[in-house]
Amino acid sequence: DLSEEQVLRRYRLDKAAIAGLCRELGGDLESLTGRSHALPVAVKVTSALTFLASGSFQTASRHATGISQSAMSNCLAQAPSENEPAYRNAANYHSMNMQVVCDPAGAITNVVAKFPGSCPNAAVLENSALARLLEGARPHGAWLLGD
């Protein structure tokens, strides 16, 4: 029932992108039991997006989605089943280390989202197409700031 603008503000993605995520992740997120109380894929996806977009804790996100704390926790299970220690970052929680680059207007020009949380920032940059692009001369007037 939200307008496109409200969806963008709440989830940081438009309706088409969210629908695409639901289609892409549906096979992994659908309930195997078919129980009547299982959360639909769209609720799981939008609950996780609310948390990720807001940066708030689960309780605050739960109020925006209308689902229970335990259901919210299930939507946000982050521990990978393979190579779990690699996804523990310096703060000892599971994460991905990613690179996002934007131009002065804030338009995203480069994204690398494939490294586990234990991977150093420099390694993400070194293994990106952006690093290869910048190996020669730095484009005139361009700066790359990072952390």
With [X] via side chain to side chain contact (heavy atoms under 4.5 Å, CB included) - residues at least two apart:
X      : answer
Lys15  : Glu4, Val7
Ala113 : Met98, Val111
Ala107 : Asp103
Arg23  : Ala19

Spacing of CZ belonging to Arg132 relative to CD belonging to Glu126, to within rounding of 0.5 Å: 11.5 Å
Considering only heavy atoms from C-beta outward, does the side chain of [X] approach that of [Y] to under 4.5 Å?
X      : Y      : result
Val124 : Cys119 : yes
Ser3   : Gln6   : yes
Asn127 : Phe115 : yes
Asn110 : Val100 : no

Can you name the nearest heavy-atom pair linking [X] to [Y], along with the distance?
X      : Y      : result
Leu39  : Lys44  : O-CE, 3.4 Å
Asn92  : Arg88  : O-NH1, 2.9 Å
Ser128 : Val112 : CB-CG2, 3.8 Å
Ala42  : Cys22  : CA-SG, 3.7 Å
Thr46  : Tyr11  : O-CE2, 3.3 Å

Can you name the residues that form a salt bridge (Lys or Arg N to Asp or Glu O under 4.0 Å) with Glu5, not counting sequence neighbours? Arg9
Under the salt bridge (Lys or Arg N to Asp or Glu O under 4.0 Å) test, which residues partner Arg12, sequence neighbours left out? none
Is it the case that the side chain of Glu30 and the backbone of Gly27 share a donor-acceptor pair, with hydrogens and angles ignored and the cut-off at 3.5 Å? no
Main-chain N/O of Asn89 paired to Ser118 side chain as donor or acceptor, under 3.5 Å: no
Tell me, with the steps shown, if Leu13 and Leu8 meet side-chain contact (heavy atoms from CB on, under 4.5 Å). CA-CA 5 Å; Leu13 294 173; Leu8 280 169; 5.6 Å; no
Would a single hydrophobic cluster contain both Met96 and Leu125, if residues Ile, Leu, Val, Met, Phe, Trp and Tyr are joined by side-chain heavy-atom contacts under 4.5 Å? no
For a quick check under 3.5 Å, do Asn121 and Asn97 share a side-chain donor-acceptor pair by atom type? yes
